[in-house]
Visitor: 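Quick one: the structure is below, and I'll ask about it shortly.
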2 protein chains.
Amino acid sequence: MAGKSVRADQVSATRELILTAAERLFAERGVYAVSNRRISEAAGQGNNAAVGYHFGTKADLVRAIARKHGGRIEQVRVRVLDEAGDSNDMRDWVGCLVRPVTEHLAALGSPTWYARFCAQVMTDPALHDIMTEESLASPALRCIVRRLHGSMPDLPAEVRSERGAMARQLIVHTCAERERALAESTPTPRASWHDTATGLVDAIVGMWRAPVTRRG
Amino acid sequence: MAGKSVRADQVSATRELILTAAERLFAERGVYAVSNRRISEAAGQGNNAAVGYHFGTKADLVRAIARKHGGRIEQVRVRVLDEAGDSNDMRDWVGCLVRPVTEHLAALGSPTWYARFCAQVMTDPALHDIMTEESLASPALRCIVRRLHGSMPDLPAEVRSERGAMARQLIVHTCAERERALAESTPTPRASWHDTATGLVDAIVGMWRAPVTRRG
DNA sequence: ACCTAAGTCAAGCGACTGATTTAATTGCGG
DNA sequence: CCGCAATTAAATCAGTCGCTTGACTTAGGT
């Protein structure tokens with residue numbers, strides 16, 4: 001599985017170093033508060049232009065970070081998708097939405113930075129589209145959403161998209177807030193990522209099941 | 001009601017000009033992508049240091065914007081708080097949480113920038129605390145939260161705080177997403193801010209009422 | 001063994017940043 | 001009516017930014 005040449009290994013190691021350093025600095029200081037120079041030196045590269053050389057612009061770097069994690073999350077998605085089988089219980093499909101994220105964060109060990117990174121990128125006007133593209137590139141996710149919608153066929157389309165957006169916001173920002181609390185050693189409502197997922201699923205299922213007030 | 005002197009009016013007008021220009025640029029381009037210089041010239045001030053003169057650092061400017069809107073929102077809060085009276089229906093208190101925000105955005109006319117501004121500030125590690133402080137400074141909000149908690153006395157404390165945080169995230173980012181869609185002329189799930197509030201209240205009430213899965 | 005191509009490094013470019021300083025403008029109180 | 005103090009304007013500062021350049025190092029092919 002190792003690279004076919006010593007040189008290629010060196011390169012991918014450098015890229016990985018830059019990627020993780022950038023992710024950490026972005027999460028802790030803010031994406032736009034960190035320059036490519038700082039990232040390069042934090043990654044141990046004497047070259048202050050290493051980021052530009054390997055990735056190009058900052059938007060490209062953000063995309064590379066998102067894609068790296070996106071790949072790992074996608075693997076978990078296909079697994080939970082398989083586990084869910086052909087269930088008709090909405091709760092199972094909400095779990096398929098939530099657990100890939102929380103399990104990925106749990107697998108990263110402690111501390112993590114990705115959730116805070118995602119939250120920032122999702123709210124930044126210049127980077128928002130990047131994250132959206134990378135997320136929509138997941139076939140498993142689209143399948144899960146389809147099955148989720150199938151489990152409540154009589155919900156109006158506008159409410160479906162409205163609550164779908166809410167569920168997305170909830171997952172991203174709840175994870176980011178927990179990650180922030182962990183980083184600051186502040187008390188968290190839940191003891192583990194697994195429990196956090198349970199709380200999220202409870203809340204999102206309740207949200208989806210909520211009766212719709214007729215306009216008037 | 002006007003200022004007591006011509007000069008004082010001039011000054012507060014300049015401050016207001018800077019405030020609105022900054023809010024707009026922050027929402028459209030990102031808080032850290034906009035320099036104080038750009039804000040000054042967008043506000044029609046030949047002085048490229050006008051922002052620094054009137055407000056100080058960028059964090060101070062952010063706080064000033066948050067405080068300006070916070071004051072208006074607080075007025076709506078005390079009104080809806082009065083309207084809710086001594087209701088025991090949780091839905092009324094969730095409405096007290098949601099409507100001040102949506103009604104304020106509706107009152108601002110179109111387009112608005114404050115919701116996107118808030119979403120960014122809330123997710124930025126360096127600015128997050130500022131927004132939190134400004135929000136917690138609202139006595140009406142604290143009262144509403146107390147009444148809301150009182151309407152579901154048998155909910156465990158951890159779940160209470162967990163879902164409280166979720167409701168916060170939901171309100172901020174749902175409004176920001178709608179505002180973004182309006183700015184880009186993208187279809188929105190709801191036709192008005194009033195309907196958006198209805199959808200938010202439906203969802204949040206459903207979330208609060210959701211049964212809590214026992215850990216296991 | 002030598003050459004090519006790719007990766008790394010150090011230096012420097014112009015542009016821009018926040019902050020400070022100086023000068024001109026202007027309403028206000030005496 | 002005039003000096004004062006506050007505000008705006010303009011110029012300037014040192015520092016950092018992204019980006020480009022050219023030299024150096026080294027793996028892989030011939």
Side-chain angles (χ1 to χ4, degrees), chain A residues 1-23 25-26 28-65 120-121 124 126-127 130, chain B residues 1-26 28-65 120-121 124-127 130:
Chain A
M1 188 59 82
K4 56 183 174 183
S5 75
V6 178
R7 192 53 165 270
D9 283 352
Q10 184 78 13
V11 171
S12 69
T14 302
R15 282 178 55 103
E16 198 64 24
L17 237 44
I18 292 174
L19 240 36
T20 57
E23 181 182 322
L25 290 174
F26 285 167
E28 289 178 345
R29 319 253 176 112
V31 174
Y32 280 103
V34 178
S35 70
N36 289 354
R37 279 179 141 84
R38 299 292 186 192
I39 297 169
S40 291
E41 60 189 48
Q45 301 296 303
N47 181 11
N48 59 20
V51 170
Y53 177 78
H54 283 283
F55 295 98
T57 154
K58 177 168 288 189
D60 297 327
L61 177 58
V62 167
R63 172 172 270 116
I65 297 174
Q120 281 183 58
V121 172
D124 187 281
L127 304 175
I130 294 177
Chain B
M1 185 64 80
K4 55 184 175 183
S5 75
V6 179
R7 192 55 163 276
D9 283 352
Q10 184 79 14
V11 170
S12 69
T14 302
R15 281 179 56 104
E16 198 65 22
L17 238 44
I18 292 174
L19 240 37
T20 58
E23 181 183 322
R24 172 178 190 159
L25 289 174
F26 285 167
E28 289 177 344
R29 317 251 176 114
V31 173
Y32 280 103
V34 177
S35 69
N36 289 354
R37 280 179 140 83
R38 299 291 185 194
I39 297 168
S40 289
E41 60 189 46
Q45 299 297 302
N47 181 10
N48 60 18
V51 170
Y53 177 78
H54 283 282
F55 295 98
T57 151
K58 177 168 287 191
D60 296 326
L61 178 56
V62 166
R63 171 172 271 117
I65 295 174
Q120 281 183 59
V121 172
D124 187 280
L127 303 175
I130 294 176

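Lettering of chains follows the sequences in order, A, B, ..., and the numbering in each one begins at 1. Worth knowing before you read on, the calculation uses all heavy atoms, side chains too, and leaves out hydrogens, waters and symmetry mates.
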Visitor: From CZ of B/Arg15 over to C1' of D/dT8, roughly how many Å is that when rounded to an integer?
Guide: 15 Å
Visitor: Looking only at side-chain atoms of B/Ala49, point me to the closest of C/dT20, D/dT7, C/dT17.
Guide: C/dT20
Visitor: Ignoring backbone atoms, test whether B/Thr14 places a side-chain nitrogen or oxygen under 4.0 Å from the OP1 or OP2 oxygen of D/dT7.
Guide: no
Visitor: Taking side chain as C-beta onward, heavy atoms only, is A/Asp124 less than 4.5 Å from A/Val62?
Guide: no
Visitor: Evaluate the side-chain proximity of B/Val121 to B/Phe26: yes if any heavy-atom separation is below 4.5 Å, no if none is.
Guide: no
Visitor: Would you kindly give the CZ-to-P distance between A/Phe55 and D/dC19, to the nearest whole Å?
Guide: 14 Å
Visitor: When the distance from CG of A/Asn47 to P of D/dT25 is rounded to whole Å, what number comes out?
Guide: 15 Å
Visitor: Nearest whole Å is fine: how far is D/dC17 P from A/Leu25 CG?
Guide: 12 Å
Visitor: Mind checking the CG-CG spacing from B/Asn36 to B/Asn48? Nearest 0.5 Å is all I need.
Guide: 10.0 Å
Visitor: Quick one: A/Gln45 CD to C/dG7 P, roughly how many Å, whole number?
Guide: 13 Å
Visitor: Give the rounded distance in Å between these two atoms: CG of A/Asp60 and C1' of D/dC19.
Guide: 14 Å
Visitor: Rounded to the nearest 0.5 Å, what separates atom NZ in B/Lys58 from atom OH in B/Tyr32?
Guide: 7.0 Å
Visitor: Can you tell me if B/Tyr53 touches the phosphate of D/dT8, counting only side-chain N or O atoms and a distance under 4.0 Å to OP1 or OP2?
Guide: no
Visitor: Just the rounded figure in Å: distance from C1' of D/dG22 to CG of A/Asn48.
Guide: 14 Å
Visitor: Give a yes/no on whether any side-chain N or O of A/Ser35 is located under 4.0 angstrom from OP1 or OP2 of D/dT16.
Guide: no
Visitor: Nearest to the A/His54 side chain among D/dG18, D/dA10, C/dT8, which nucleotide is it?
Guide: C/dT8
Visitor: How many Å lie between CZ on A/Arg37 and P on C/dG12, as a whole number?
Guide: 12 Å
